[in-house]
Amino acid sequence: MRATRYFLPTLREVPAEAELASHRLLLRGGFIRKLAAGVYIYLPLGWRVIRKIEQIVREETDRIGGVELFMPALVPQELLDETGRSGLEILFRLKDRHQRPFTLGFTHEEVITDIVRHTVSSYRQMPLVLYQIQTKFRDEPRPRGGVIRAREFLMYDAYSFDTDYDALERTYQAIRVAYVRMFQRMGLPTIIVEAEAGAIGGGSNEEFMIVAEGGEDKVLQCDTCGYGANAEKCELPDPQLTPPPVEGIPPAEKVATPNARTVEEVTAFLNTTADRLVKTLLMRVDGKPVAALVRGDRELNLYKLQHALDGESVEMMDAESIRQITNAPVGFAGPVGLPPDIPILADYELRGLQDFITGANEADAHLIHVCWGRDFPEPRWADLRVAEAGDKCPRCPNGTLREVRGIEVGHIFQLGVKYSEAMGALYTDAEGNQKPIIMGCYGLGVSRCLAAVAEVHHDADGICFPITVAPFEVVLILVNPEDTSQREVAERLYAEMLQAGIEVLYDDRDERSGVKFKDADLIGIPIQVVVGRAVQEGAVEVRLRTDKTPHRVAAEQAVAHLQALIAELKRQYEPTV
RNA sequence: CGGGGCGUAGCGCAGUAUGGUUAGCGCGCCUGCUUUGGGUGCAGGAGGUCCCCGGUUCGAGUCCGGGCGCCCCGACCA
């Protein structure tokens with residue numbers, strides 16, 4: 001491709017809206033352009049990278065027997081009614097001219113299950129893996145980081161159908177390996193961590209994370225065993241604390257704490273530390289009120305509370321309900337004197353704590369010297385708090401958790417029968433029994449991977465693409481277009497490279513060399529071929545984007561040299577599993 | 001949804017406190033010359049709904065009211 005005929009709108013100045021390096025570089029390099037918040041145009045260069053990524057995920061899915069199809073983005077709302085997902089806030093909604101409600105697909109479990117329930121009826125038709133690469137629409141509360149979290153984005157989603165859980169496990173493992181191979185081929189170093197299922201639901205699931213400072217997710221990793229988990233999910237072991245004796249602790253006493261609502265305000269006012277405080281979070285699980293207790297310096301993990309009560313949903317109680325239950329404004333709730341029909345759950349850690357401070361269920365007042373079992377009934381103990389760096393590993397005896405930030409690029413789920421039962425996707429087994437199909441689903445953020453690659457592979461000058469996903473393999477830089485001998489050599493080389501099947505961007509623009517070098521570095525094509533003054537000796541210079549050392553190569557041998565170099569670079573990204 | 005910030009040429013910004021010539025600067029763009037190994041130099045030029053609507057005023061980019069859009073932080077406050 002000739003740069004003079006291409007569309008390469010690079011920006012010299014940094015767009016004000018971008019914070020993350022990947023976002024900045026993708027905008028500056030002319031890969032993406034914003035149309036609205038979380039809505040992006042993929043410019044030619046970005047689109048070429050997207051297509052490389054798509055090709056990799058296709059090849060790896062096909063390799064394990066997956067079959068590609070293409071589902072509609074327009075999804076009738078009634079289909080989502082069947083699984084109770086039509087009310088999700090994340091959905092973009094619209095109506096047709098007959099006022100029939102539609103949504104824009106945010107994921108496609110219902111659509112694929114609909115196809116399968118009408119077509120798969122026998123155990124003989126499974127295992128089956130269907131997948132697509134398609135635009136997804138999610139009205140995110142806060143899009144950010146360019147295409148890292150967009151409202152319209154490209155996603156690969158695969159769905160598996162099996163007759164039993166052993167078969168699902170085999171399929172799941174095959175796809176898990178395929179994912180490892182995909183990310184290796186893209187040059188994305190991932191870790192696999194346990195995760196929460198969110199709106200997808202179902203059984204066990206894992207996320208593929210890129211460790212990156214700009215990542216949105218908090219990930220905990222054991223320093224000893226291989227355990228890793230999203231902070232949303234990360235379990236903590238019961239520390240089996242022995243309750244301290246209650247004898248000798250003064251009776252609970254009400255103290256005035258005017259306007260002290262937050263943990264910081266209360267500890268400052270009472271001149272104590274947050275670990276002497278017990279927070280009482282009034283929540284609703286499946287609409288029913290519960291009180292959750294965690295230490296003042298800890299965070300309640302909503303998912304853990306939900307799971308502890310086997311609930312479907314969890315939310316904070318609204319201020320008005322809190323006022324009714326505690327007779328106090330938000331900020332002064334406590335476990336002492338709560339209505340007895342409100343169950344109290346407390347984090348394991350609190351079993352080792354007595355003589356603490358809580359809200360008094362009264363405006364501008366807290367209780368000190370509170371003891372569970374004495375001042376209020378012994379709560380139900382559970383793992384409720386969000387894991388932090390320094391906590392004990394839940395899987396091995398000696399491990400300690402450390403915290404990193406991650407970009408979630410893939411998420412694989414064992415769904416089980418959640419969708420097949422809700423939607424009546426049944427098959428007949430060899431004995432003639434009707435059973436629900438056992439499903440799995442597997443997502444991979446294609447456009448997010450573009451950002452992840454840029455986030456992982458860049459330096460001060462621009463992106464450094466792995467050759468496997470680079471928009472071009474080689475950029476051919478003609479230093480001085482008015483120098484006829486340089487021009488001739490460059491034109492000949494360009495023709496030879498095309499002939500040899502090398503993906504080359506030929507920068508034949510009438511620009512100063514500095515502009516071309518800067519642009520080449522910015523857009524990150526892995527191999528740079530410079531046709532400049534070395535032409536006088538019949539040579540060109542070949543250098544890597546990542547290592548600027550020029551290698552003189554005779555012009556006649558350049559193509560052979562490049563082919564070898566490309567093969568060598570590609571070998572670095574061959575999968576190891 | 002809460003808090004903060006922003007909206008002026010394609011991009012980055014100044015001007016707004018204290019209303020008043022023809023609304024500026026840098027980059028980019030166009031023309032000519034120049035230069036040709038890391039965003040060249042000189043000269044000339046084009047390009048504006050000052051986010052939108054309404055109001056105050058002799059006069060609004062600037063003041064007032066309403067709306068929209070975009071960015072950041074938080075959304076676990078107890």
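Not measured: the values here are computed from a predicted model. Every chain is numbered from 1 and lettered A, B, ... according to where its sequence line falls, protein lines coming before strand lines.
When heavy atoms are screened at a 4.0 angstrom cut-off, A:Lys34 is found touching the sugar-phosphate backbone but no base atom. Here A:Ile477 lies out of heavy-atom contact (under 4.0 Å) with every strand. Note on A:Gly514: only backbone sugar-phosphate atoms sit closer than 4.0 angstrom, heavy atoms only; bases stay farther off. Counting any heavy atom pair closer than 4.0 Å across all strands shown, A:Leu11 reaches no nucleic acid atom. In this structure, A:Asn301 reaches the bases: a heavy-atom distance under 4.0 Å links it to at least one base atom across the strands shown. Using a 4.0 Å heavy-atom distance criterion, A:Ala534 is classed as a base contact. Residue A:Val266 is out of contact with every strand shown, counting any heavy-atom pair closer than 4.0 Å. Within the 4.0 angstrom heavy-atom criterion, no nucleotide atom of any strand lies near A:Glu89. A:Gly359 comes within contact range of no nucleotide atom at all, as no heavy-atom separation falls under 4.0 Å.
The CD1-P distance, from A:Ile322 to B:C76, rounds to 12 Å in whole Å. One can place CD of A:Glu511 at 13 Å from P of B:G41, the figure rounded to the nearest angstrom. Look at CD on A:Glu17: it is 7 Å from P on B:G12, rounded to the nearest Å. A:Glu140 has its CD atom 13 Å from the P atom of B:C71, to the nearest Å.
As rounded to the nearest Å, B:U62 and B:G7 have C1' atoms that lie 15 Å from one another. Rounded to a whole angstrom, the distance from the C1' atom of B:C27 to that of B:G41 is 16 Å. With both ends at atom P, the span from B:G66 to B:A23 equals 30 Å, rounded to whole Å. Here the separation of B:G32 from B:G37, taken at their P atoms, is 23 Å to the nearest Å. Of the C1' atoms belonging to B:U16 and B:C63, the separation is 10 Å, rounded to the nearest Å. To the nearest whole angstrom, the two C1' atoms, one in B:U56 and one in B:G39, are 49 Å apart. Comparing B:C1 with B:A46, their C1' atoms sit 46 Å apart, to the nearest whole Å. Spacing of P atoms, B:U57 relative to B:A75, comes out at 48 Å, to the nearest Å.
When distances are taken from the side chain of A:Lys518 to each of B:C27, B:C77, B:G38, the shortest belongs to B:G38. Side-chain proximity of A:Asn480 to B:A75, B:G38, B:U36: nearest is B:U36. When the nucleotides B:C72, B:G26, B:C71 are ranked by their closest atom to the side chain of A:Glu13, B:G26 comes out on top. Distances from the side chain of A:Asp519 to the nucleotides B:G37, B:G39, B:C71 place B:G39 closest. Counting only heavy atoms from C-beta on, A:Arg543 has its side chain closest to B:G38 among B:C77, B:G38, B:G37. Out of B:G37, B:G39, B:C71, the shortest distance to the side chain of A:Arg533 is found at B:G37. Out of B:C29, B:C73, B:C76, the shortest distance to the side chain of A:Val386 is found at B:C76. Nearest to the side chain of A:Ala36, among B:C70, B:U36, B:C73, sits B:C70. For A:Ala37, whose side chain is taken as the heavy atoms from C-beta onward, the closest listed nucleotide among B:C11, B:G39, B:C71 is B:C71. Here the nucleotide nearest the side chain of A:Glu541, chosen from B:C73, B:G37, B:G39, is B:G37.
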- Take A:Arg533 and A:Glu541 through the salt bridge (charged side-chain N to carboxylate O under 4.0 Å, His left out) test and state the conclusion after the steps. CA-CA 10 Å; A:Arg533 54 186 167 226; A:Glu541 286 160 25; 5.6 Å; no

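Across every strand in view, B:C13 sits in a pair with B:G24 that passes the Watson-Crick or G-U test at under 3.5 angstrom. Across all strands shown, B:C68 forms a Watson-Crick or G-U wobble pair with B:G7, both key distances being under 3.5 Å.
Listed pair A:Arg512 / B:G37 fails the phosphate criterion, with no side-chain N or O lying under 4.0 Å from OP1 or OP2.
Relative orientation of the A:Phe472 and A:Tyr6 rings is perpendicular, given thresholds of 30° and 60° on the angle between their planes. In this pair, A:Phe31 and A:Phe465 present their aromatic rings tilted. The plane angle is within the 30 to 60° band.
A:Phe332 and A:His366 have their aromatic ring centers within a separation under 6.0 angstrom.
Side-chain atoms of A:Arg28 and base atoms of B:G39 include a donor and an acceptor less than 3.5 Å apart.
A cation-pi arrangement is absent between A:Arg298 and A:Tyr348, since the terminal nitrogen or guanidinium carbon is not both under 6.0 Å from the aromatic centre and inside a 45° cone about the axis.
Only one option out of A:Ile477, A:Leu476, A:Asp508 pairs with A:Val531 in a side-chain contact (heavy atoms from CB on, under 4.5 Å); it is A:Leu476.
Heavy-atom nearest nucleotides on RNA chain B were determined for A:Ala16 and for A:Asp461, and the one closer to the 5' end corresponds to A:Ala16.
Here CG of A:Leu300 is found 5.5 Å from CG of A:Leu305. Values are rounded to the nearest 0.5 Å.
The local environment of CD in A:Glu320 is crowded, with over 12 non-hydrogen atoms from other residues, nucleotides or ligands closer than 6.0 Å.
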